[in-house]
Amino acid sequence: MNPVLFGHSPDPRIVATQQAGDDAMRVYIRTGETIVAEERPFYPFFFLSEPELIEGFHRKHWVRRLEGTGVYGHLCVFEEWPAMWDAVRHILDSYNRHAVPKIESYQDLDVIHLIGDPVTQYLMQSGRTMFKEMTFGDLHRLQLDIETYTTPGHRFSNATRAGDRIILVALSDSTGWEHVIDGRKLSEERMLEELVRCVRDRDPDVIEGHNIFNFDLPYILARCALHGVTLSLGRDGSVPRSFDSRTSFAEHAFEYTATDIAGRHVIDTLLLLQSYDAVRRNMESYGLKYAAQYFGLSPAGRTYVPGEKISWYWDNEPATLVAYALDDVRETAALSAHLSGSSFYLTQMLPYGFGTVARMGSAAKIESLLVREYLRRKHALPRPREGAQTTGGYTDVFLTGVLGPVVHADVESLYPSIMLTGSIAPGTDDLGVFLGLLKDLTTMRLDTKRAMLRTEEPIERSRLDAMQSSFKILINSFYGYLGYNRALFNDHARADEVTKTGQKILRTMIAAIRAEAGKVVEVDTDGIFFVPPVGVDTADQESAFVSVLSSRLPEGITVAMNGRYRKILSYKKKNYALLGYDNKIRIKGSSLVSRSMEQFGRTFVHHCIDSILHGNFDGLHTLYVQYHTSILSHGLDVRDFARVETLKDTVAFYEEEVKAGRRNRSAAYTVAIASGRPVRAGDRIAYYITGNDPNPRGTDHCKAAEEWDPNFPDDNSAYYMRRLNEFSEKFAVFFQPQDFRAIFSADDLFPFDPAGVALLISDVVEEPLSEEDDPRPGTFGIWLEG
DNA sequence: AGCTGTGGCAGGGAGG
DNA sequence: CCTCCCTGCCAC
């Protein structure tokens, strides 16, 4: 195994590490069946800038100036020397004079940017080697789920409200053990003590739960505080340590209260789901039940209890609730087994524990590999570069309307391939670690994937799959890392080089397809939808066509057929729908499918697309009339017309921004504030529009969805009729104006006649391709030399 | 205590 | 009316 990827330490038995004061680590070591803790010191280690200011500084303590940049690398101190502390004080004075903001303290000194963690991680990296000798199945995992009682009249459970309390604790573990701590038999105080006893007794390596960070653990901790119970869940008998954290999945930030339990790893399947969906973007919700069904992991005959009915079941049908809670932990176990495998195998590489890896972002993972190697070779680390990336992927739409048959061809791993073939790496990577890592990870991923495809045995196969997907996660993040402002090894110019090269490859592909008389419909970043030329009809012929396309591209860049479809409905850039040969419809793009659209709009648009792709114009008209009627007669449920939005910021931050005039008021925040309950960033708010003005002004016509009463519907039908017509407008470009008006009209003076209705295909832009995009071979020198 | 990127569309508020 | 600007959500 490559030591740059997997670390160098030989100690194979360390289960977990934990910081113990300022200058020591506590290390948990497995010997046979038992686990013992041992304290180990770590060395002082700092990043200091402007080291020439250090009085008494000696060359042997190592410093390096980054050539040509005029910027000094940070000083790495690997050992103390007599004048060191004076030097640190000196540096500090200098920094304070220059008003550098980030000062942290170490011992009795204020020190700039103490990085105890990466250093100890480096020095203690052996901690993860235990994982190298294990498979995921060897882990002892315990699942935990609590059910709480909500005082009638309240919608949400609250650990500090009189009457609210824990009523059930369901536990299960990977040995098949299951246990319910029942609030009918024990007082809450005894329940909590029983919980501690169970966990200590089972002694799991991993504790898992769905939303365990934001719900179960904080709730349990709050109830413990109330009863004076010590929640000594740690392997050393310590109580969990909580800290507020936030992580972002693409643009979406998620705040949570992370909890560390000494000697164990905490896994929240909600976080796993979000990070999974950040790539796929397929899921409708991150609820446990939906997710379990989505992955096909729900036990047969699973018991369901709606969240707001938990207290009712407790009062009336407690046995059902017990069954429900047990099904919850079983689903959590299955979900975690499905999703945490890749984090587990990443832990074999990274200098962090399993629990940390599972909630870390990709950039931090890549950086840890780079930093570990730089520290091992005692080489200074660069500072992040200022600046910004300017270029992204190439997107275009050439034809709109319904076309087919259509082929989707994409460049496999576009950005990683460009970085590898063009040797694009951060300019500050003196040791050349970056590309080496990318190259080795790519090789390992291909090997692992091949091995997986060869393997029949399901457990081994899923192990290999988890491994190769963990490599893939890292590989795909190398490009993002280059453009990341706070990355030590960022390089915006190189990131631009990657995207510009990607654009060039796409333009080359477009020209090549056109040269062969194919019709290019839509292009986005690394993939092209096109109608193949006459004579290219079967799947084999299409594959062959794509192979030829691929051969026109330079070494290291491979184009593959990613899919073939009966028809495409091309609407706008990044917005289209596909009709597969399996007759399934896939809809893409924020203007056609968006969680910010009212549910009725989503289903309406979906059905419209279905009808258009099947040429069923009569059905299209009927559909419009049906919705028209239901809206006017208040026949829709609040779930259908409520708009659901995610709050990105805290209410306090929002208010501040509004007050400062930096931001407009928005309906979702208005409703959230009016509801009076505490809101966190990331919460979803459902609201609807009242009154009868089709263009309501201001944010005073919105009401929380919970307040809607079907007996006295006060939803604004004029407004929702306007919305229906806005959704219909999307389809105007596909028809002649008179046909469009006839279809999307409830006027029944003349019955609708679908005869003669035809679909339009329109050219959007015909961007002339420049000379250098000519697909002749041998014209790629510019970027192949890199 | 920790945070990967750009491009594109829709919708709403503010102000001309 | 329109344009500008911001936010949310989505594709890759």
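Order of the sequence lines sets the chain letters (A, B, ...), proteins ahead of strands, with each chain counted from 1.
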Is atom NZ of A:Lys730 surrounded by more than 12 heavy atoms (other residues, nucleotides or ligands) closer than 6.0 Å?
yes

Which is true for A:Ser477 with a 4.0 Å heavy-atom rule: it touches a base, it touches only sugar-phosphate, or it touches nothing?
nothing

Which is true for A:Tyr719 with a 4.0 Å heavy-atom rule: it touches a base, it touches only sugar-phosphate, or it touches nothing?
sugar-phosphate

Closest to the side chain of A:Ser591, out of B:dC9, B:dG11, C:dA11, is B:dC9

Heavy-atom distance under 4.5 Å between the side chains of A:Ile475 and A:Leu438, does that happen here?
yes

When you check the side-chain N and O atoms of A:Ser477 and A:Tyr484, is any donor under 3.5 Å from an acceptor?
no

Looking only at the side chain of A:Phe727 (C-beta and beyond, no hydrogens), which of the listed nucleotides B:dG11, B:dC3, B:dC9 gets closest?
B:dG11

Atom-pair distance (CG on A:Leu592; C1' on C:dA11), nearest Å
12 Å

Counting only side-chain nitrogens and oxygens, does A:Lys573 get under 4.0 Å of the OP1 or OP2 atom of B:dG8?
yes

Nearest-angstrom distance from the residue atom NZ of A:Lys574 to P of B:dA10
14 Å

Identify whether any heavy atom of A:Thr499 sits under 4.0 Å from a base atom; if not, whether one sits that close to sugar-phosphate; answer base, sugar-phosphate or nothing.
nothing

Within the pair A:Arg643 and B:dG12, is there a side-chain N or O less than 4.0 Å away from OP1 or OP2?
yes

Can you see whether A:Gln274 engages A:Tyr286 through a side-chain donor-acceptor pair at a distance of less than 3.5 angstrom?
no

Answer with base, sugar-phosphate or nothing: what part of the nucleic acid does A:Gly480 contact at a heavy-atom distance below 4.0 Å?
base

What's the closest nucleotide to the side chain of A:Asn575 if the choices are B:dC9, B:dG5, B:dC3?
B:dC9

Which residue lies toward the 5' end of DNA chain B, A:Lys572 or A:Asn485, if each is placed at its nearest nucleotide?
A:Asn485

Side chain of A:Tyr576, heavy atoms from C-beta onward: which of B:dG12, C:dA11, C:dC10 has the nearest atom to it?
C:dA11

Can you name the one residue among A:Tyr688, A:Phe600, A:Tyr627, A:Phe604 that meets ring pair (Phe, Tyr, Trp, His ring centres under 6.0 Å) with A:Phe641?
A:Tyr688

Let's see if you can work this out: which of B:dG5, C:dC9, C:dC12 has an atom nearest to the side-chain heavy atoms of A:Tyr479?
B:dG5

For A:Leu414 and B:dG5, what is the distance between atoms CG and P respectively, to the nearest whole Å?
18 Å

When the distance from NZ of A:Lys588 to P of C:dC12 is rounded to whole Å, what number comes out?
5 Å

Of B:dT4, C:dA11, B:dC9, the nucleotide closest to the side chain of A:Tyr484 is B:dT4

For a quick check, tell me whether the side chain of A:Thr395 and the base of B:dG8 share a donor-acceptor pair closer than 3.5 Å.
no

From the list A:Leu370, A:Val433, A:Asn490, A:Asp491, side-chain contact (heavy atoms from CB on, under 4.5 Å) partner of A:Pro426 resolves to A:Asp491

On the side chain of A:Arg486, is there an atom forming a donor-acceptor pair with the base of B:dC3 - under 3.5 Å, no angle test?
yes

Phosphate oxygens OP1/OP2 of B:dG11: is one of them under 4.0 Å from a side-chain N or O of A:Arg723?
yes

Does C:dG8 have its OP1 or OP2 closer than 4.0 Å to a side-chain nitrogen or oxygen of A:Arg595?
no

Nearest-Å distance for atom pair CD1/P, residues A:Ile473 and C:dC12
19 Å

Atom pair distance, as rounded to whole Å: NZ in A:Lys365 and P in B:dT4
9 Å

Which nucleotide in the list C:dC10, B:dA10, C:dA11 gets nearest to the side chain of A:Asp524?
C:dA11

So, OP1 or OP2 of B:dA10: does either fall under 4.0 Å of a side-chain N or O from A:Tyr571?
yes

Rounded to whole Å, the CZ-P distance (A:Arg602 to B:dG11) equals 13 Å

Take the protein atom CE of A:Met597 and the nucleotide atom C1' of C:dT7, then report the distance between them rounded to whole Å.
18 Å

Evaluate the criterion ring pair (Phe, Tyr, Trp, His ring centres under 6.0 Å) for residue pair A:Phe478 and A:Phe434; output intermediate values, then yes/no.
CA-CA 8 Å; A:Phe478 272 66; A:Phe434 186 89; 5.0 Å; yes

Of the candidate nucleotides B:dA1, B:dC3, C:dA11, which contains the atom at the shortest distance from the side chain of A:Arg241?
B:dA1

